[in-house]
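Each remark here refers to the structure printed beneath this line.
All values below were derived from every heavy atom in this structure, side-chain atoms included, with hydrogens, water molecules and symmetry-related copies excluded. Note that ligands are numbered from 1 as they come in the structure, with each ligand's atoms numbered from 1 the same way.
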Amino acid sequence: MATVAVCPGSFDPVTFGHMDIIKRASKVFDKVYVCVLNNTSKKPLFTVDERVSLLKEVTREFGNVEVEDFHGLLIDYARSKKASSIVRGLRAVSDFEYEMQITSMNRVLDESIETLFMMTNNQYSFLSSSIVKEVAKYNGAVSELVPPIVEEALKEKFQEQT
Ligand code: PNS
């Protein structure tokens, strides 16, 4: 039976750190669904459609990766895809508490779906969408942090806002 995983997140916007995790997950699982979900504690810069479209573009090279969005619980999405696993990236100890909370909640909702963590590549251990947005907002260089198409989208977004 094919192994299926979900890589969930806000992806506002997708960074090289996310791409590293998606690429590695795509080598471990037969099929990977990257899902843009709502994080109620964040106010996104990009619309869901914009985030999905950027993700589709930058994951095009991975044949077994599909990008979607979902309005609801991650666990319901994972069930609908018959996924055995949810894959999340862990950057540092500071991520742990938050991830433990989400993982524990998801396990209460459905204990048959495992959450697996991949340590982020050291190169990206400091990297987050928030820090990228902050740098881009003040015209700092983000070319080492995000793909060119995302860099362009950030420029446009901040130009729109001024
Ligand atoms: O990239 P993020 O913001 O850390 O991702 C968090 C996300 C979107 C995966 C999480 O907020 C989520 O799963 N949202 C969907 C709603 C849900 O299922 N909540 C219950 C688990 S806390």
Residue that, paired with Val6, satisfies side chain to side chain contact (heavy atoms under 4.5 Å, CB included) out of Leu37, Val32, Val34, Leu74: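 Between Val6 and the candidates, side chain to side chain contact (heavy atoms under 4.5 Å, CB included) is satisfied uniquely by Leu74.
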contact_flag Tyr98 ligand 1 heavy-atom lt 4.0 Å: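 Flag set, Tyr98 near ligand 1.
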Non-hydrogen atom of Gly72 closer than 4.0 Å to ligand 1: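 True for this residue.
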Region of Asn106 engaging ligand 1 - heavy atom pairs below 4.0 Å: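 Contact part for Asn106 vs ligand 1: side chain (C-beta onward).
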Determine, considering heavy atoms only, which of [options] sits nearest to [atom].
atom: atom 3 (O) of ligand 1; options: Pro8, Cys7, Ser10, Ser130; answer: Ser10
atom: atom 9 (C) of ligand 1; options: Met105, Arg88, Gln101; answer: Arg88
atom: atom 14 (N) of ligand 1; options: Val36, Ile75, Asn38; answer: Asn38

Under 4.0 Å to a heavy atom of Leu74 - the qualifying atoms of ligand 1, by number: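 That gives atoms 13 (O), 17 (C), 18 (O) of ligand 1.
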Atom indices of ligand 1, in the order listed, that fall short of 4.0 Å to a heavy atom of Lys42: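 It comes down to these atoms of ligand 1: 1 (O), 2 (P), 3 (O), 4 (O).
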Shortest non-hydrogen contact from Val65 toward Ser26: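 That would be CG2-CB, 3.7 Å.
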For Met19 against Val14, the heavy-atom pair lying closest together: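 Met19 and Val14 have their closest heavy atoms at CG-CG2, 3.9 Å.
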Linked hydrophobic residues, Phe117 as query - side chain contacts closer than 4.5 Å: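 When side chains under 4.5 Å apart are linked, the cluster holding Phe117 also contains Leu90, Met119.
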Between [X] and [Y], is there a side-chain N and carboxylate O pair less than 4.0 Å apart?
X: Asp12; Y: Lys133; answer: yes
X: Asp76; Y: Arg79; answer: yes
X: Glu50; Y: Lys157; answer: yes

May I ask you to identify the nearest protein heavy atom to [atom], giving residue, atom name and distance to one decimal place in Å?
atom: atom 8 (C) of ligand 1; answer: Leu37 CB, 3.7 Å
atom: atom 22 (S) of ligand 1; answer: Ile102 CG2, 3.9 Å
atom: atom 20 (C) of ligand 1; answer: Leu73 CD2, 3.9 Å

Of all pairs that satisfy ring pair (Phe, Tyr, Trp, His ring centres under 6.0 Å), the ones with a partner from residues 53-95, not counting sequence neighbours: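 Sorted result for residues 53-95: Phe70-Tyr77.
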Sub-4.0 Å protein heavy atom next to atom 17 (C) of ligand 1: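 Yes, because at least one protein heavy atom sits under 4.0 Å from atom 17 (C) of ligand 1.
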